Amino acid sequence: MDTSTFDRAVDARVHNYLAGERDNFAVDRAAVDEMITVVPQLRVMAVANREFIHRATRVLVERGITQFLDIGAGIPAHRNLHDTVQGAVPHARVIYVDYDPIVAVHARALLRSTAAGRVEYLDADLRYPATILTSSVLHDTFDLSRPVGLILSAVLPSLAAEDYPWSAVEAIRDTLPAGSCMVVTHLASDIPSGSGAAAAKLTAIAASHGLTLFPRGKAKVIRFFGDWELLDPGLVPVSAWRPNEPGYDYDLSGAWAGVACKR
Ligand SMILES: C[S@@+](CC[C@H](N)C(=O)[O-])C[C@H]1O[C@@H](n2cnc3c(N)ncnc32)[C@H](O)[C@@H]1O
């Protein structure tokens, strides 16, 4: 992906702006501002998504997983996945993957391994999973006989059906050993209080700013898990997945979220 010009919005910077961070440009902010006219809670949805990822990651750590592959990682933020993981298990290993060179620049500048644990970055495209699965970064960093936590947070809506996102994810699932778990969030086309009612408009606005964005319904999202076993409570709106507080705000829940593990 060419992010050398700033005449159109790009995913990573749009998400960075949504998350209240500062590594973005006027074109990205214009895209978000227009999307917010049709989905006013888009910003709180981004926060709810991040909170879910940290909750789910802690569950994976409790299951003994200490290696994490975060694909479509985005520009590093104030609290990153490895902060949560290595806060609990200092020797844990995390590989961030993204296809956007701007993410690579930020990641290489900001993400550091510690004396105990490792943090690596891989410049690769999820649409071509073999580039991830055969990479020396993956094989040098992980012990692939041991379980891996696969994180796919808000990345799959960037892939069109023609990109075969289900096949790409299946290729990765098939490579990971028993005990591995995957965490998925996906912008919903069928949660009316979230982006659902405005899914088509959201896609159109995104396209007019040069972004690809495909909200999907529950049946299509659940297919990403294949035959892996969904942990309770299944595929649910992000804020409903094991919330820290009882009850949840349905209005924040514009995305599906789930965690599944390989037997
Ligand atoms: C909406 S952001 C989500 C960032 C982060 N995962 C989060 O949840 O905060 C999507 C990220 O996926 C990346 N991305 C989109 N398509 C990709 C692909 N085919 N391969 C790798 N990364 C991709 C974008 O560059 C962007 O950084």
Side-chain angles (χ1 to χ4, degrees), residues 1-4 8-21 23-24 28 31-32 35 39 42-57 68-84 94-108 110-111 121-133 135 137-138 149-169 171-172 182-188 195 202-203 206 209-216 224 238 241 254-257:
M1 145 156 306
D2 180 13
T3 50
S4 56
R8 65 178 192 81
V10 297
D11 250 14
R13 297 191 316 241
V14 161
H15 198 73
N16 177 269
Y17 176 55
L18 262 180
E21 304 275 344
D23 300 308
N24 47 73
D28 310 305
V32 170
M35 288 194 263
V39 183
L42 211 51
R43 209 179 282 285
V44 273
M45 280 165 50
V47 174
N49 186 80
R50 203 87 289 259
E51 292 302 319
F52 159 75
I53 293 298
H54 288 284
R55 289 199 303 282
T57 302
F68 288 83
L69 182 63
D70 181 357
I71 304 179
I75 298 172
H78 282 106
R79 188 164 55 113
N80 298 293
L81 186 85
H82 72 278
D83 298 317
T84 294
V94 177
I95 302 175
Y96 292 108
V97 181
D98 207 289
Y99 73 164
D100 189 331
I102 205 157
V103 176
V105 168
H106 285 270
R108 292 198 167 111
L110 294 173
L111 302 175
Y121 183 78
L122 173 62
D123 191 355
D125 189 328
L126 174 57
R127 291 172 297 179
Y128 309 104
T131 58
I132 300 172
L133 298 172
S135 74
V137 173
L138 181 74
L150 170 64
I151 313 293
L152 295 164
S153 168
V155 58
L156 293 166
S158 300
L159 276 69
E162 301 74 47
D163 291 329
Y164 302 108
W166 294 277
S167 309
V169 174
I172 299 171
M182 62 189 286
V183 175
V184 172
T185 66
H186 199 302
L187 196 62
S195 50
L202 206 54
T203 299
H209 289 271
L211 297 164
T212 52
L213 190 61
F214 302 99
R216 293 190 169 97
F224 286 113
V238 271
W241 199 93
W256 293 113

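If you're wondering where the values come from, they're calculated on a predicted model, not measured in any experiment. Numbers here are sequence positions counted from 1. Order of appearance sets the numbers: ligands from 1, and atoms from 1 within every ligand.
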Visitor: At a 4.0 Å threshold, what atoms of ligand 1 neighbour a non-hydrogen atom of Asp100?
Guide: 25 (O)

Visitor: Pull out every atom of ligand 1 sitting under 4.0 Å from any heavy atom of Asn49, numbered as shown with elements.
Guide: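 Under 4.0 Å from Asn49, ligand 1 has these atoms: 8 (O).
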
Visitor: Heavy-atom distance under 4.5 Å between the side chains of Asp11 and Asp100, does that happen here?
Guide: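 No, their side chains stay 4.5 Å or more apart.
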
Visitor: For ligand 1, which atoms, with element, lie under 4.0 Å from some heavy atom of Asp11?
Guide: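 Listed by number with element: 10 (C), 15 (C), 24 (C), 26 (C).
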
Visitor: Using a plain distance cutoff, I'd like to know if Asp70 has any nitrogen or oxygen under 3.5 Å from a nitrogen or oxygen of ligand 1.
Guide: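 In this structure, Asp70 places no N or O atom under 3.5 Å from an N or O of ligand 1.
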
Visitor: Specify the closest pair of heavy atoms between Arg13 and Arg8, including all atoms of both residues, with the distance to one decimal.
Guide: NH2-O, 3.2 Å

Visitor: Give the atom numbers and elements of ligand 1 that come within less than 4.0 Å of a heavy atom of Leu159.
Guide: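 Here the atoms of ligand 1 in question are 19 (N).
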
Visitor: Does Glu162 come within less than 4.0 Å of Arg127, counting only side-chain N to carboxylate O?
Guide: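 Answer for the salt bridge query: no.
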
Visitor: Using a strict cut-off of 4.0 Å, indicate which atoms of ligand 1 neighbour a heavy atom of Ala124.
Guide: 20 (N), 21 (C)

Visitor: Could you check whether Ser153 and Asn49, counting side-chain N and O atoms only, form a donor-acceptor pair closer than 3.5 Å?
Guide: yes

Visitor: Using every non-hydrogen atom in the two residues, find where Val169 and Phe224 come nearest and quote the distance to one decimal.
Guide: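 What the structure gives for the nearest pair is CG1-O, 3.5 Å.
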
Visitor: Suppose I only count heavy atoms of Ser158 and a 4.0 Å limit; which atoms of ligand 1 are within that range?
Guide: 15 (C), 16 (N)

Visitor: Thr57 versus Leu81: any side-chain heavy-atom pair under 4.5 Å?
Guide: yes

Visitor: Could you pull out the closest heavy-atom pair between Ile151 and Phe68, with the gap in Å?
Guide: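 Shortest heavy-atom contact: CD1-CD2, 4.2 Å.
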
Visitor: Under 4.0 Å from a heavy atom of Asp125: give me the atoms of ligand 1 that qualify, with their elements.
Guide: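 In order of number, 18 (C), 19 (N), 20 (N).
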
Visitor: Taking heavy atoms and a distance under 4.0 Å, where does Ala73 meet ligand 1: side chain, backbone, both or neither?
Guide: backbone

Visitor: When you compare ligand 1 with Ala154, is there at least one nitrogen or oxygen pair between them that comes in under 3.5 angstrom?
Guide: no

